[in-house]
Every structure is written in C-alpha cells, then in structure tokens.
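Encoded as structure tokens, the structure appears first; notes follow it.
None of the values given here were measured: they were computed from a predicted structure. The figures that follow rest on heavy atoms only: side chains count, while hydrogens, waters and symmetry mates do not.
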Amino acid sequence: MKKFKFLAIVLLFAFMLASCNASPEIAPEYKPNANTSDFGGATFNWGFSMHRYAGEQENVFGYKPDTNFADTALERKKEVEDKFNCTINVDNNSNSLTIGDRLSVSLRSGAKLYDLATCDTSVLCGMVRSGGYLVGLSSLLDVSNTEKFGEPNMLQVMLWDDDLYGVVPFAWPELVSARLGLLITVNENLVAKLGQIDPREYVENATWTWDQFEQTLADLTYQDAGRTIYAFNCHDAYFAMNMFLSNGVTFCEYEDDKVVFGAYTEPGRVALQRAQDIYTKTCKDFIYPDSSTTGHFLTEESVMGTSFLSDILNSVLYEMDNVGVIPFPQGPNATPGVYQSYYEEFTYATVIPSNANDYEASAKIIDAMYEPFEGYETKQDIIEYLADQAFFDSRDAEVFMTAVRNTQYCFFWEGGRSGIESCVRGNDTVTSILEGMENVYDKLVEDYLISHYNGRIAVYGE
C-alpha cells in the first residue's frame, strides 16, 4: 500500500445561505486604530468553520486535531498573539452554515460577533454581492502576494465591483482543497496490464490533445470475463466543463470591448462541440454509461476516471496502490502546458465583517497567520511534500498544483454551468443550444460577471 498520506479536506455540495440576499444594516463609520503592533491586550473573535459535511469531526484552523499541521497552526496563533499583545478566540467547530448564519444575523442586527470569519465561498458570495456586509481588503492586505492569499482567478468569487472581499490560505498545505476540479485519475496497473502507453507520457511530451484522448479511450477499453471495462467514466456536466476549459477558455472573457460568458466565444463553442461529439458520438462506447465519477474507477470498472481534487487526496490515493493523475487533454486554442481546472466553491475563505472592531488589526492578524509554515515557504516545497506523502509520482504532484493554481470560478451558484452541461448531452448542435440560452446568459453577464470582472481589474489590473 501507499505510504502515509496527509489529511485532505473534502467539501461536498452546499446550498446558498438565503439570508445573504437581504440588505444589511450598514455598520457605523469605521475609525481605524493607530498604526501599531500592540493591540493592548484586546480579544479578537474568529469564526473558523469546519467543512459543512464533516459530521462531528473537529478541526483546528481546518486541520485534524493533534496532527503536525494543526499543532503548527496553533503555534502560529500563539506567535501572533505574542507579537500583537492580543488574544485570538477561535470558534473552530461550527460548520459554514452556522458561521455564515451567525455572521449574517450579527451584521443585520448591528451586534459585534466576529472580527474575522472563515467559511466556504458559497456562503460568503451572497454577502459580497449584497454589499455592506464585508470589508474590502485590497487596501488592508498586500493582495498582490498571490503566493500567500491566492491567484486572482482563484479569488474571482470574492471580487466585486472595485474590491476583494476574501482571501484563501494558499500558503498553508492542504487547505486549498475544495469542490475543485476535476483531474483525470489513471489506474496504472490496468494500463500496464494492457501494454499501453502511460498517459502521463503524452502530458510530458505535450501531445495530450483531443485527438490523442480519443485514441487513448479506444485503446484502454477492453473485455474481461464477459464484461466491458471502460476506458473512462465521467459525469457529463464535469466532462463538458473541463473540455470547455481545455481549449484555453475561461467562464468570464473580455471580447470586443465587453464582458462575455466564455461559451459565446469561438474557442468556447469549438470546445463544447468537440465535447458533445466525444461524449455522445465518437467515443460513447468507451465511456461508462453512468454519471458516477470516482466510484467506477475505484471498483476498476474503468481505467480512467474523474475526481475532485479533494477526492483524489482523501479517497483515491488511499484506496488504490498505483494511480496516475493527469489533466484533461488540450485543444488547439490552449497554451501548451497550461492546464486549467474549475471550482464551484472554496472551503476556506477569510473575511473581515463590516462591524468588526478594528479592520486594520483584523487584517494584520490575517496577514501574520497566513504566512507560510516553516519548511513550506515555496510552491516547490509543497510540491515535494505532496510527491513524497501523497502521490505515486512527482509528475502527479506537479499536475495537481498546476490545476489548483489555474482554477477558474465557474459561476455555479449563479447558474453558469447549466448551458455548458446541456451542450454535451444535447441532440442539437452546440451553436443552436447556446443561441437558445442567449438571453439567460446575457442576464448572467449583466447581473454577475461584469461586477466580478470589474473587481478583478480594479484590484489586479488588466
């Protein structure tokens, strides 16, 4: 069996917090504290959620108690308290809905509950859009430090109009693991049994194209004791989303001086038409005829499968003894070697409520807490850790980190996925399907994408 693997945080589907849509009662005008590193013994309350389907499992800043990273996070907290002469009171064991509900109620009532709050972005994004709930961070934190707080594309869901309202602990190992993905997992034992080329080699040689993907699907489908072992299994929506991104497209594009949904660009349309052709025509006999993702791969009913990044770490690598990890194949419009993934939500985004006692002090706590841990100061440090403790090949760790860094917000909660997934399983051409949804997507752009895009330009520039 594989050597010890680290704890991975698994985030499943969640529902939007309904109360986020209500208009908040704006907190009184904020009066910043003096620019000091001595907070005079003040107490700061931090609501830090556990992922919402964790059951009764406790966590310490997102880590399992009594593990090395949990201990390191607690040591960091003590260092920050000593540095600023303060106490940080952390509620670690309430889930995102609870933290988000408490935060929303306190903001609308004017009660001061949290100075900082951390929960998943599906809970927070309504607060971002409503305005008045959360503090803009671009003037309080060095958000250009993407190694600490995340890339602009990772933070798209927390960008709105002219500011950024939440950051992620990008420099802390394991915590940037969410409903994020998907990558393709490969049963390397079955590939070797068939005498076929390890698909990792296509990735290395920059020949992992749509054409090669189709050929590989044919090569890896076989009969065993009267049953078909399929080359691939993948939910149709996830297949469509990843094929869409594989042609160098994003969900929010700027074309002809206006913001558009990426499906309405030519590279987007081409990618979705190819996805439809592969899934329903040229390769339909090689793809497991079921919407399961990880399940059929784990039971060896398919040679390759798709999994969310968190599922790869938490499930696949634990249960199988030789797994490769590769990205989706690239289309002609993609930049070779730049593989994109998508996210519906991030497990841990940290915000400052608008009725916090001292915005600048809260920001200083975030800044100091989210410094990299000793020994994990660089991207390469984390890749080496993953390669040693989690994956079966260093190439897999590289692919994993590239996918995390290049992940794009898919506007799942706003309805962005619906048209894309209908394209892959529809009988009509992609062009006609998209034409039929144009009014829906025009409204999506008007209501959401423009403001998200404007926020990104305002904070990070063109």
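- Between the side chains of Asp120 and Ser122, at least one donor N or O sits under 3.5 Å from an acceptor N or O.
- Listed by chain and number, the residues in a salt bridge (charged side-chain N to carboxylate O under 4.0 Å, His left out) with Glu414 are Arg129 (sequence neighbours excluded).
- Using modelled atom types, one side-chain atom of Asn406 and one backbone atom of Tyr339 make a donor-acceptor pair closer than 3.5 Å.
- With no hydrogens or angles considered, no side-chain donor-acceptor pair links Thr207 and Asn205 at under 3.5 Å.
- A search for salt bridge (charged side-chain N to carboxylate O under 4.0 Å, His left out) contacts involving Glu435 returns nothing, not counting sequence neighbours.
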Working for side-chain contact (heavy atoms from CB on, under 4.5 Å), residues Val424 and Leu272: CA-CA 7 Å; Val424 78; Leu272 290 174; over 6 Å; no
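- Applying the salt bridge (charged side-chain N to carboxylate O under 4.0 Å, His left out) criterion to Glu446, with sequence neighbours excluded, gives no partner residue.
- For Tyr264, the ring pair (Phe, Tyr, Trp, His ring centres under 6.0 Å) criterion is met by Tyr441, not counting sequence neighbours.
- In summary, Arg425 and Glu421 engage in a salt bridge, as defined by a charged side-chain N under 4.0 Å from a carboxylate O.
- Asp219 and Gln215 share a side-chain donor-acceptor pair at under 3.5 Å.
- Proximity of a side-chain donor or acceptor of Asn233 to a complementary backbone N or O of Tyr288 within less than 3.5 Å is not detected.
- Donor-acceptor pairing under 3.5 Å is recorded for the side chains of Asp321 and Asn189.
- Residues satisfying the ring pair (Phe, Tyr, Trp, His ring centres under 6.0 Å) criterion with Tyr409, sequence neighbours excluded, are Tyr343, Phe411.
- Lys379 meets the salt bridge (charged side-chain N to carboxylate O under 4.0 Å, His left out) test with no other residue; sequence neighbours excluded.
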